[in-house]
Structures are given as structure tokens and as C-alpha cells.
Participant: 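My questions all concern the structure below.
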Amino acid sequence: MSASILTVDDSASLRMAIRVALTGAGYAVTEAGDGVEGLGKATATRFDLIITDLNMPNMDGLTMIRELRKSPSQAGVPIVFLTTESDDAIKAQARAAGATGWLVKPFEPTQLIKIAQKVLGR
Amino acid sequence: MSSNDPVEAFASEALDLLDQIEKALLDLGRDLGDRGAVDEVFRGLHTLKGSGAMFGFDALAGFTHHCETAFDRVRKGLSAATPALVSAVLSARDHMRALIDHRDGPRDERLEAAGNLILAELYAAMPESAGGHEPTGQQTSAATHAPNAPGEGWAIHFKLPPGAMANGTNPAALLQELRNLGECRVRLHLDDLPPFDQFVPTECYLAWDVELHGAATREQIEDVFIFILDDMELTLTPLAPASLPGEARSGTATAIANAARPDAAAGQAEIPAKAVVRPQESVRVQAERLDELMNRVGELVIAQSRLAQLTTRNGQVDPIMLRAVSEDIDRLSSELRDTTMALRMMPVGNLFGRYRRLVYDLAQETGKAITFVTEGEATEVDKTVIERLADPLVHLIRNSCDHGLEPADDRIAAGKSETGQITLSARQAGGEVLISITDDGRGLDRARIRAKAEAQGLIAAGTPLSDAALFQMIFHPGFSTASTITNLSGRGVGMDVVKRSIDSLRGTIEIASTQGKGTTFTLHLPLTLAIIECMLVRVGDGRFAIPLSAVEECLELPQTEIIANGRRNFLNVRGQLIPYLRLRESFAVQRPADLHQKVVVVGLGNSERGSSRVGLVVDQIIGNTQTVIKSLSRFHSGLGVFSGATILGDGTVALILDCGHLIALARESQHALAEQTNGEAA
């Protein structure tokens, strides 16, 4: 069975880009438009990987990651965040919140797939 | 959206973002301490930059970066939001729009120059950050150390941070990645494993020693651990004696984007190079409405199959069954029509939002302080109407700002507040949507309009005219000159253009104005353009449709009136005198009239125009019908009495009466009659 991935981003075009790239690589992709929706979908079903933006309305990515990690059922679920800043402080903050890894925007579809493969362990 | 082209999706999304940014900027302009607005502007700019760079809008991303930086500073309290900053970023927002539109075009130096001017304005607006051109957020943290020369291999010792596994790091995946780099000999250390009662299942207590053989570089190995490099223990020692020292180090995080860049070329850019940037025309539809539509269509399919069953049943058709199906289909198609219409309905709020910027700009331009108030944003109007309303409204609002509102000094002299107010409101009344633009300015100058109209020969000197009729004069082509209130300082469009646009929407404009108090323009617009409910009547042999929204009541024409056939065509309806028109006379019908003639009283359903009622005398009232409006041919377009035509169920054509025009016609004949009577009396 193909791995299931949840992508959380307020930008529909970015979600679409992620979906197109990942479904092309054989993953099943679910979309959420902000942290609240992402949290809801992630707690309803356990995903194999969550890819989230940080800057979002309603609930930002960091808060969502923290909320997810509070739940024992979400322990060990890899969470990769997308960021435009290559600022180390943000990465440290996100790691402290419980993120597994990151990807700097802009990225190529191949990079995204690579990251997915990396954290999923194929 | 079913399209799978992210670039196209971005182009349309970007326009939404720009609207959102503009709205938040205008909020901020009104209240410089509005934190929510600052966050919203920042978020919008941030997404625009990030996604823009993703989808090849490099110029946009680069330009937006500067504005984002500015708002990041405001967000963090490093600099203050000022009117100058808001104004600069508003200009920048317009430039972003131009950059999106221009994406596929060749390099445009003028556009770049314009962009640089705006950036200069932006940086001038935030003095705290003089020389604050920061590098664009990428490629700054690239690893600086040179790659190690490949050797025999590495002895790798690593221990994961305690929370690594709970946070989604999979040690097995890491080991697998190391294996991909070369042959590995792995040894697990359990030294740190606590006694069972202290054991936390989500914590990672393990450490590994890996002997990696092969030509892997230090960077390749560090890349494996890239996400946890800062928090973990990692020691790399070259296996074979090598020239390089095998010091233990905790590496700097190398942005994976940079690391992966070189081989991205092999993966081919999957983003299509030439995408249509102009977003396709689309309507946002509430999901429930689509569901409703699906339900109706489903029912229609069932009804259709019942019909098919009935007709295939060996020649015998049960008329009762047939009628039942016919009734079902009748109901369904009218429901289907309503639901489909509803799909096209959009709240006017979006349209109204656009004018906030216009009023802001006009206030800057004219140096007047203006508050802009909108009401009834949730009122829904057909999409086409909204689109075609955009320009006339710009014109009317501009007119109100330019000419309706007085300069501050005059206002104070007149005892008014220094700040003028423009109110844009929408509401639904019957089958119409009323949109009004109100200013609290100086009001229309009757004497000046009259003088102008007389000078232009539009009315004879001294003609008695109601205010409403007098104000309509400003809609005459060429009426506006430099000395009148409707001049728009060289913008080349007059109020006649507004009038024509509204006419083409089958709407009307009403003006109410009190000198010194202000002016209200009210647009009466039909809810939808395509289909209207009509009352079908017969006059002689012809059939005509009267829009049901205009019909107030139906009466029998009293026998006395039929015989009298006098000049004074008035009908006493419950004590109120209503003028009437005999349509058979208006349309020169030859066939003798029916014995019992009927009167359809039509009005334009507005209490402000209580007198705007007229009776239409017809031979027979046939009933109500759904009317799909077809426009008249070019040759008949001059016939104001008819607003269109429709095709009836039996294939014949019925003309649709324009009630507004008929009411005007009745008034004219009244006037003529009154004058004639006056003349006779003299």
C-alpha cells in the first residue's frame, strides 16, 4: 500500500504542486488549508508523513506541530515543514516543536520526493 | 478546481492574495495600530514570495521580498507602520499585479524602473532600516567547508537526540541511507538503556557504530543526518590513514535545498515553461448549492426514465401517469432553473471591497478626508451584473468624491464635519437589487442643471419639471462640461456612459439630492439577466409578456370606462387615481376588442415613486410563464416599449413589455393632456 501523506498549506497552488509531485511518485496525498484543518485531519487518520507550511492563518504550522506531538497517537509520525527562511533559528524552533525535517522553498518536485523518501525510509 | 496546473492555480491565487493584502493595508491605513492587519499583510506577502519563487515568478518573488522584509520589521516591532509605508506598499501591491501580468513577457526596463522607484519609496518610508537591503532569503547558509577527498571509508559513531524517534526520525531509515552510500558494518550500543521502570518507550537510548566502506564524502554522510545534526552526537573518522584530520564535529545545518540543487537538473523542471497566466474565468460556488444541483439532476434522471418507461409500454399510455410525470418534470425544471441561477449569484461584498482602494486613492488625490462605508455586502447579484457594474460604480463613486463632497474648508463653513462620507449600500427589494451611492456633500445644483439643460436645448425655457426629471438631465451625452457638477476632470467619460451601462443591464438610475445635504444615486437592477417570470397577456391576436416583478394587481376594466373611451384615462382603484394605457390603441390593433377588458396595474415597486403606476388595458390575461429573454434584433432595438422577446411553448414569439418605458409614456400623455386642457381653459 502506498504511503499516505498529509499536506498542510494555505496556498492552494502550493498544495497542488505538492500533490502533483507526490501522487506522481505513487503516494496518496490528502490536503488541508490551515493548521486547524490539518490538526483535524491528522488526528482523524494516522498519516505516514505530514508536510506543513509554517505561516498560515487560523493556526500556524509550529502550533499545529506542537499540538500534534502532544497526542501519543502522533508520536513517531514524521513531520516535514516548508520554510522560505533558511534562518537557523526557525529550524531550531520547529525542531523543538517536534518537526522531523524541513524543506526550503522554492524547491523542485524531485527534492520533495527525495525528502519524502528520506523520512519515510522508502 | 479540476486543473492540475499549479502555475495557473498560483496566478489566480496570487490575485486573491493581492486583494487580501490590499484590504489589510487599507485597514491598517485606517488604524495604524491594527496588529491583525499587519500580520495579514505579512502573511500575504510571505506566501506570495514563497509560492512565486516556487512557480517561476522570480521577479515577483524578488520584489515582494523587500515588502515582506519591511512588514516583518513592523510585525516584530522594529519599525512602526506609517501612512507612508502603507502608501508605498499599496503602490508595491499594484506593481506586483503588473509583474504577475507581465510574467511571460520580455524583460521590461520600464517595469523594472517603476519597481525600483517604489522600492526607493518603501525604504524612504522606513528610515530605521536605511541601507536595509538584506540578501534574498536563500543561499546564505550554504556550507562553507570544502568537501573532503574520498578515501577508504569512515568510522561513524552516532547517537540520536532523546526525542528523535518521537519526532518522527526513523533510525532504520538512517541506517538504510548509510547503506546506500557503501558497504556498512553496523554495531548497536545499548549502554544507555535504563532499567525497565525508568524506560520511556518513546525515547531513543541507542547509539551506533558504523564502518562505512567506499568513496562517500563527509558531506554525504552529514546529509543523512541533516535534520538532527545540531542535536545529535556524530563522530566521523576516516578509516584509512588519510591526509585529512578526522576531528569530531557537529556540522552546520546545510539547507537541503542547496545540497540537492545540483542534481535537480536531472529531474527536469516539472513546472511547464509556458503556462497560461491569465486565470480562467471561474465562479466560486458554495458546496451546498452544488449538492442541491446534483440532487435535482438526479431526480430529473429518474423522471426521465419514468417517462421513457411510459412511452415504451406497448402503445397504451395512461394519461394520469403521463400527467404525473409531466408535473414532476415541470417542478424539477423550475427548481433546476432556480438552483442553476443561484450558482451565478455572488455577494456584492467582493465588488464593494474593491472601492475602498479607489476612495483611499481619491482622498489622497483630492486632499479630502473621506470615510467610506459599505452596507449590505451579503446581497447577492448575478455574476454578469456584478462584472458589468464595476465600471459604472467606479465612475459614480469618483463623481461623488470629486464633485459631491466639498473641500474641508467649505464643509466647516457649512457647519458639517470636516470628514466627508461616501456610503455604498446594496439591498434586495422584490425582483430588484438596489445599489446606492450616497455622499453627504453639497448636493446637486438645480438652477445650474436647469440653465445648462435649457442652454443645450434639452428642455424649453421654463418647462415645469420635477426634481427627478431635472436630475436625469445629467445623463444626457455631452451634458457634462467644465462648469458643471458632472465634469470628471479630463477622464473622458460622462454620466451618459454610466446610464448606458445600467440601461444595458435593464436597470434604471434614480437621483435624490438635497442642496447642502448630499446626493444619492440609486441603481435599480434586475436580480438576474437571463430568465424572468412574466405574466402573459393577449392584445388582439398578439401575445405579450409583462415582467411579473412589475405587476401589482389585475382588475376588470369597468364597463363605463369601455364605453366612455374619453380622453381622461384614469381608473379609480380604491380611491387612488391611476392613469391607464389601452395597449390595443398603442399597438394599433384592428381586431375588435373583447367584451370584458382587463387592466394589469404595473409599477416600479418603490414607495419613493408612488405615482409610478400605470394600468395596461389588455384583452385577456393568459397566465404566468417562465420567460427566457432573447434580445431584439438590431432593427427593433429602437423600440423602447419592448425590452426583448421570448419564445413560448407552442413556438410563437411574445414581446416583453418594458414597464418603465410604458410608465413614462403614460406620464407624457398625461402631461400633454393637462396642457391641452389648460389651453382649452384659457
Side-chain angles (χ1 to χ4, degrees), chain A residues 9-21 23-24 49-50 53-57 60 65 68-69 72 74-80 82-88 91-92 95-115 117-122, chain B residues 1 3-14 17 40 42-43 46-47 49-56 61 137-142 163-170 172-174 176-177 202 224 226-228 230-231 252-253 255-258 260-261 263-264 266-271:
Chain A
D9 203 308
D10 55 331
S11 159
S13 59
L14 208 82
R15 287 202 306 271
M16 189 187 284
I18 292 172
R19 171 165 56 78
V20 170
T23 44
L49 166 63
I50 298 170
D53 190 18
L54 290 184
N55 234 298
M56 290 181 291
D60 64 32
I65 296 173
L68 280 174
R69 289 297 185 221
Q74 298 297 318
V77 174
I79 304 177
V80 170
L82 305 176
T83 174
T84 44
E85 10 262 297
S86 36
D87 187 353
D88 282 347
K91 285 176 194 156
R95 270 203 316 274
T100 314
W102 61 84
L103 183 57
V104 176
K105 291 189 273 190
F107 52 81
E108 297 288 337
T110 45
Q111 291 171 270
L112 177 69
I113 294 165
K114 261 192 169 170
I115 292 288
Q117 287 171 341
K118 177 176 169 64
V119 293
L120 286 168
R122 303 284 134 144
Chain B
M1 211 176 293
S3 155
N4 265 349
D5 182 357
V7 180
E8 201 178 302
F10 171 73
S12 122
E13 183 181 295
L17 278 171
E40 196 161 338
F42 174 77
R43 207 168 42 232
H46 184 82
T47 306
K49 182 186 93 175
S51 299
M54 277 292 301
F55 301 120
Q138 309 146 12
Q139 293 107 15
T140 42
S141 69
M165 279 162 73
N167 284 350
T169 302
N170 181 354
L174 296 176
Q176 183 55 49
E177 268 190 78
T202 54
V224 171
I226 174 119
F227 292 142
I228 41 175
D230 283 0
D231 307 320
T252 38
I256 194 86
N258 298 321
R261 266 274 133 124
D263 53 23
Q268 301 305 329
E270 265 142 54
I271 298 162

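Naming convention: chains lettered A, B, ... in sequence-line order (proteins, then strands); numbering from 1 in each chain.
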Participant: Taking all heavy atoms of A:Ile115 and all of B:Phe227, pick out the closest pair and write down the distance.
Facilitator: CD1-CZ, 3.7 Å

Participant: To the closest 0.5 Å, what do you measure between CZ (B:Phe10) and CE (A:Met16)?
Facilitator: 12.5 Å

Participant: side-chain contact (heavy atoms from CB on, under 4.5 Å) between A:Lys118 and B:Ile226: does it pass, once the steps are laid out?
Facilitator: CA-CA 11 Å; A:Lys118 177 176 169 64; B:Ile226 174 119; 3.8 Å; yes

Participant: Check A:Arg95 against B:Asn167 and note the closest heavy-atom contact, atom names and distance.
Facilitator: O-ND2, 3.7 Å

Participant: Is it the backbone or the side chain of B:Thr47 that comes under 4.5 Å from a heavy atom of chain A, or both, or neither?
Facilitator: side chain

Participant: Rounded to the nearest 0.5 Å, what separates atom CE in B:Met54 from atom CG in A:Leu112?
Facilitator: 8.0 Å

Participant: For the interface with chain B, which of A:Pro78, A:Gly76, A:Ala17 has the highest count of heavy-atom pairs at distances below 4.5 Å?
Facilitator: A:Gly76

Participant: Identify the heavy atoms of B:Arg43 and A:Met56 that sit nearest to each other, and give their distance.
Facilitator: CD-C, 3.5 Å

Participant: How far does OG of B:Ser51 sit from CG of A:Asp53, to the nearest 0.5 angstrom?
Facilitator: 7.5 Å

Participant: Under 4.5 Å heavy-atom distance to chain B, tell me which part of A:Asp60 shows up: side chain, backbone, both or neither.
Facilitator: neither

Participant: Let me know if A:Ala97 has heavy atoms under 4.5 Å from chain B in its side chain, its backbone, both or neither.
Facilitator: neither

Participant: In Å, rounded to the nearest 0.5 Å, how long is the span from NE2 of B:His46 to CG of A:Leu54?
Facilitator: 7.5 Å

Participant: Chain B: which of A:Ala75, A:Pro57, A:Ala12 shares the most heavy-atom pairs with it under 4.5 Å?
Facilitator: A:Pro57

